[in-house]
Number of protein chains: 2
Amino acid sequence: MPVTVLLVDDEPLVRAGLRAVLEAQPDIEVVGEAADGAAVIPLVRRLRPDVVAMDVRMPLLDGIEATRALLRTVGAPPKILVVTTFENDEYVYGALRAGADGFLLKRARPAEIVHAVRLVAEGESLLFPASVRRLAAEYGDDGGNRAARAVLERARLTEREGEVLRLMARGLTNAEIAARLVVGTETVKTHVSAVLAKLGARDRTQAVIAAYESGFVAPG
Amino acid sequence: MPVTVLLVDDEPLVRAGLRAVLEAQPDIEVVGEAADGAAVIPLVRRLRPDVVAMDVRMPLLDGIEATRALLRTVGAPPKILVVTTFENDEYVYGALRAGADGFLLKRARPAEIVHAVRLVAEGESLLFPASVRRLAAEYGDDGGNRAARAVLERARLTEREGEVLRLMARGLTNAEIAARLVVGTETVKTHVSAVLAKLGARDRTQAVIAAYESGFVAPG
DNA sequence: GATCTCCTCCCCCGTGCGGGGGAGGCGGGC
DNA sequence: GCCCGCCTCCCCCGCACGGGGGAGGAGATC
């Protein structure tokens, strides 16, 4: 059965765009739309979507409050994909802290949007592009350790994948990582691919950026 | 004429190793050795080396003080390559602040060592692997702007190269950077190569790491 | 026992990347 | 005038990278 999606955005144009992009996929179905956060909860109760694609900035009830309300009041809540215009939107942090599963830039390419929806539907987190660095701030001043663990959990990286990401963020090639971990390069490639997928990164460079931006690795 | 090098390290073994590596090159000549920073200044006056490869941790006079003294007292001072065991050596920052032109890990491969010597001899800076992030701290809290400019100057990146590095650090591919800057991909490749060379980075991933570690781009 | 996750390793394949060259135009400085 | 730094674009070439599959073993869970 297809992935069902509810669109929440105050701009009809954006909703139409998302609908067009998503419905072009045989395995994704847009089951409803809402123009404001206040309308979300009853709609979710009725339509039971797998994913809610929700704008952060909306009149009446914004994406953060709507996310919080959804998670608090709905049993078995849908996955929440926060939609935003700006990479460094203050609201995004709030939404992620409120429990959103990922976020999506409005200027992302169709393929990326589809990818993001599928990913969160499968239970993965989408932290890239990572304005999530401030996660670190939440976790006090004991450095990046707890923050790193938090990122690990949010992105659902396995321990091994976390090790690989850390080595990627030190500039090592797959072969060097393989030597360091005493495994085959094919194994490293597998882990790297998993890391890229979970972080929503296109290549190792973006993964390293995400590692820095999320506080998974800290400068210094 | 060859590049002349003066070796300064309290461990004879290290000096011998550097000598062996460097003298294997037809265009590099080791013209002298010293076991402590205190002996450096007269030797430099006498030998006029192009490059001084200097350990940071030495008895009597360490690499930081020796660097400072060299730059203060010698007219047309040599390029100074700081040699260190650890990537995150506190002393390294001091040496770079004191005016050293680059640093070198003792565990670097011979080819890298040779490369570093040639590079600083040519007047380039070698900031990678970048424990230079704390440059940012020197420049107050006005964010990364002045720090970025400082890194630009230290690494002698041109304005265009700085732009390219910034886009690399946002995860863009060469083609995307080319589109953004409205130039050909070949042009971008040229800039990228220049950035890699000047930062001493092996690939774009390492360049991005250097950008973060140096404070050239800031998380957030 | 069956199922699941994780780690490990293997295949094929296209391509973006980076190194090696060279070259022309343009501006500023000597 | 000349030279030099910078930006621009071009060639060839090897390889690491990343996507697409598949598969076996260890360990935990049910």
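Bear in mind that the values here come from a model prediction, so they are computed numbers and not experimental data. The chains referred to below are lettered A, B, ... by the order of the sequence lines, with proteins before strands, and numbering in each begins at 1.
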Rounded to whole Å, how long is the line connecting atom [atom1] of [X] with atom [atom2] of [N]?
X	N	atom1	atom2	result
A/Q206	C/dG16	CD	P	14 Å
B/I177	C/dC17	CD1	C1'	12 Å
B/M168	C/dG16	CE	P	16 Å
A/K198	C/dC7	NZ	C1'	12 Å
B/E163	D/dC7	CD	P	9 Å
A/E161	C/dC6	CD	P	7 Å
B/E186	C/dG22	CD	P	16 Å
A/K189	C/dC12	NZ	P	12 Å

Next on the checklist: Quick test of your reading of the model: are A/R166 and A/E163 salt-bridged, counting only N-O distances below 4.0 Å?
Outcome noted: no

Checklist entry - Should A/R170 and A/E176 count as an ion pair when the cut-off is N to O under 4.0 Å? => result no

So, does [X] get its side chain near the phosphate of [N], meaning an N or O under 4.0 Å from OP1 or OP2?
X	N	answer
A/R202	D/dG18	no
B/N174	C/dC17	yes
A/R160	C/dT8	yes
B/T190	D/dC9	no
B/H191	D/dT8	yes

Next on the checklist: At 4.0 Å (heavy atoms only), tell me whether A/T187 reaches a base, stays on the sugar-phosphate, or touches nothing.
Outcome noted: base

Next on the checklist: Using the side-chain heavy atoms of B/R204, tell me which of these nucleotides is nearest: C/dC17, D/dC7, C/dC11.
Outcome noted: C/dC17

Checklist entry - Any side-chain heavy atom of B/D50 sitting closer than 4.5 Å to one from B/V5? => result no

Checklist entry - Does a side-chain heavy-atom distance below 4.5 Å link A/V8 with A/D55? => result no

Checklist entry - Regarding B/N174 and B/T185, is there a side-chain donor-to-acceptor distance under 3.5 Å anywhere? => result no

Checklist entry - Between B/D203 and B/L181, which is nearer to the 5' end of DNA chain D once each is assigned its nearest nucleotide? => result B/L181

